[in-house]
Amino acid sequence: FRGCGESKEDLHDLSISDWLQDLDEAILTFRKETNISKCLLWGIRFGAGLSILYEHSRKNIDGLILWQPVLDFSIYFKQFFRQPIYSQILKGQKNDISRKFEKELYRKGITHVIGYPITKLFSDSFINLDDQPFQVVPSVPVIILSISLMEQPISGIENYTNSLKAADLTVKFQHIT
């Protein structure tokens, strides 16, 4: 994805819709170079949530493998601010850093969190989608993997799985401890 890993682009001016376009290009390239028409998306955490949204909007893949999917982008994005907050708490400082980032983001249109530039466009693309992945019922078979040290899976993932089963979707759920 643009702005991730070894890509040359930065997170400036990117949004979730840009990453959905990146998936379009990757799938097109895969099909063109392999002559394989069937395609499954396998996403881990945020990539799993993106895969759900991609399948819902494009309808051009044949299945999903979702590993510990992020089902609420708004909460996921807000968790990004945790590391600086923890650092401030460990230093014995007042915990007001999340408000500082938020004010800077809305005043200047950009802030930096643990070295990453976060723009208002980027932030809004997460916040506006909120829990949309949780609300989406894919039209293809789904495998959901939940991996945890806990005996029980995260309730949100279990609830999502049950909602897909209630919609008569082919779903395989596996919780691994």
Side-chain angles (χ1 to χ4, degrees), residues 1-7 9 11 14-83 113-114 116 118 121-177:
F1 294 119
R2 289 177 263 181
C4 296
E6 299 296 320
S7 73
E9 293 191 46
L11 292 176
L14 290 178
S15 68
I16 289 173
S17 63
D18 294 313
W19 287 338
L20 294 173
Q21 290 173 359
D22 290 347
L23 279 172
D24 276 331
E25 291 175 29
I27 290 168
L28 182 66
T29 300
F30 170 79
R31 287 184 169 143
K32 182 179 174 186
E33 297 204 7
T34 64
N35 282 336
I36 297 172
S37 62
K38 292 195 181 256
C39 182
L40 295 149
L41 287 181
W42 181 340
I44 300 171
R45 301 282 301 134
F46 175 68
L50 268 181
S51 297
I52 294 167
L53 294 179
Y54 181 85
E55 188 284 328
H56 182 68
S57 66
R58 306 304 203 272
K59 307 284 190 221
N60 66 348
I61 60 166
D62 301 289
L64 295 169
I65 301 173
L66 309 173
W67 182 332
Q68 204 76 20
V70 168
L71 299 170
D72 188 318
F73 284 6
S74 177
I75 290 173
Y76 180 73
F77 182 76
K78 290 173 185 172
Q79 289 174 348
F80 189 64
F81 293 98
R82 282 185 180 172
Q83 185 173 355
V113 180
I114 58 173
Y116 294 99
I118 305 296
L121 172 71
F122 186 73
S123 169
D124 288 349
S125 73
F126 279 83
I127 303 301
N128 292 339
L129 281 173
D130 197 34
D131 69 345
Q132 188 175 344
F134 185 82
Q135 304 301 324
V136 169
V137 176
S139 60
V140 297
V142 177
I143 296 173
I144 299 176
L145 302 171
S146 168
I147 300 172
S148 171
L149 296 175
M150 309 296 280
E151 289 297 320
Q152 297 297 317
I154 295 172
S155 63
I157 293 173
E158 193 169 34
N159 292 343
Y160 183 65
T161 301
N162 291 336
S163 72
L164 298 183
K165 288 178 179 177
D168 283 336
L169 186 66
T170 302
V171 179
K172 169 85 170 121
F173 176 78
Q174 180 69 49
H175 178 66
I176 302 164
T177 58

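Side chains included, hydrogens not; waters and symmetry mates left out as well; all remaining heavy atoms used.
Counting heavy atoms from C-beta outward, Y54 and L50 have side chains that stay 4.5 Å or more apart. Side-chain contact between L169 and P138: present, with at least one pair of heavy atoms (C-beta onward) separated by less than 4.5 Å. Residues R58 and D24 are in side-chain contact: their nearest non-hydrogen atoms beyond the backbone lie under 4.5 Å apart. When side chains are defined from C-beta on, F134 does not count as touching D72, because their heavy atoms never get closer than 4.5 Å. A 4.5 Å side-chain heavy-atom check between I143 and L64 finds every atom pair outside the cut-off. Side-chain contact check for L53 versus F73: some heavy-atom pair is nearer than 4.5 Å.
Summarising the geometry, atom CD1 belonging to I154 is positioned 9.5 Å from atom CE belonging to M150; distances are rounded to the nearest 0.5 Å. Rounded to the nearest 0.5 Å, atoms CG (D22) and CD1 (I27) are 11.0 Å apart. Here S125 contributes atom OG and F77 contributes atom CZ; the two are 8.0 Å apart, rounded to the nearest 0.5 Å. Annotation: the span from I118 atom CD1 to S123 atom OG amounts to 8.0 Å, rounded to 0.5 Å.
With S15 as the partner, the side-chain contact (heavy atoms from CB on, under 4.5 Å) test is satisfied by one option alone out of L121, L129, D124, N128: L121.
Scanning both residues, T177 and H175, for their nearest heavy atoms gives CG2-NE2, 3.4 Å. The minimum heavy-atom distance between F30 and K38, with the atom names listed, is CE2-O, 3.9 Å. In plain terms, the two heavy atoms of V137 and A167 that are nearest each other are CG1-CB, 3.9 Å. P133 and V70 get closest at one heavy-atom pair: CB-O, 4.0 Å. Residues S74 and D130 come closest through the heavy atom pair CB-OD1, 3.4 Å. Considering every non-hydrogen atom in both L23 and F1, the closest pair reads CG-CE2, 3.8 Å.
In this pair, W19 and F122 present their aromatic rings perpendicular. The plane angle is above 60°, beyond the 30 to 60° band.
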> Can you check side chain to side chain contact (heavy atoms under 4.5 Å, CB included) on K165 and T170, steps first, answer last?
Replying inline: CA-CA 7 Å; K165 288 178 179 177; T170 302; over 6 Å; no
> Yes or no on side chain to side chain contact (heavy atoms under 4.5 Å, CB included) for I61 and L40, after CA distance, side-chain angles and deciding distance?
Replying inline: CA-CA 6 Å; I61 60 166; L40 295 149; over 6 Å; no
>> Assess the residue pair N159 and L71 against the criterion (side chain to side chain contact (heavy atoms under 4.5 Å, CB included)); give the C-alpha distance rounded to whole Å, side-chain angles, the decisive distance to 0.1 Å, and a yes or no.
In response: CA-CA 11 Å; N159 292 343; L71 299 170; over 6 Å; no
>> Working note: D62 + V140, criterion side chain to side chain contact (heavy atoms under 4.5 Å, CB included); need CA distance, chi angles, decisive distance, verdict.
In response: CA-CA 6 Å; D62 301 289; V140 297; 5.6 Å; no
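By the side-chain contact (heavy atoms from CB on, under 4.5 Å) test, I144 is found to be paired with L66, P69, V142, I157, Y160, T161, L164, V171, F173, residues two or more places apart in sequence or in another chain being considered.
Put simply, the side chain of Q68 never gets that close to the backbone of R45: no donor and acceptor are under 3.5 Å apart.
No more than 12 heavy atoms of other residues, nucleotides or ligands shown are found within 6.0 angstrom of NE2 on H56. Counting heavy-atom neighbours within 6.0 Å of K32 NZ, excluding the residue itself, gives a total of 12 or less.
Taking the six-membered ring for Trp and the full ring otherwise, the centers of F46 and F126 sit less than 6.0 Å from each other.
Of the N and O atoms on the side chains of E55 and S139, at least one donor lies less than 3.5 Å from an acceptor on the other residue. Side-chain polar atoms of D131 and Q135 form a donor-acceptor pair below 3.5 angstrom.
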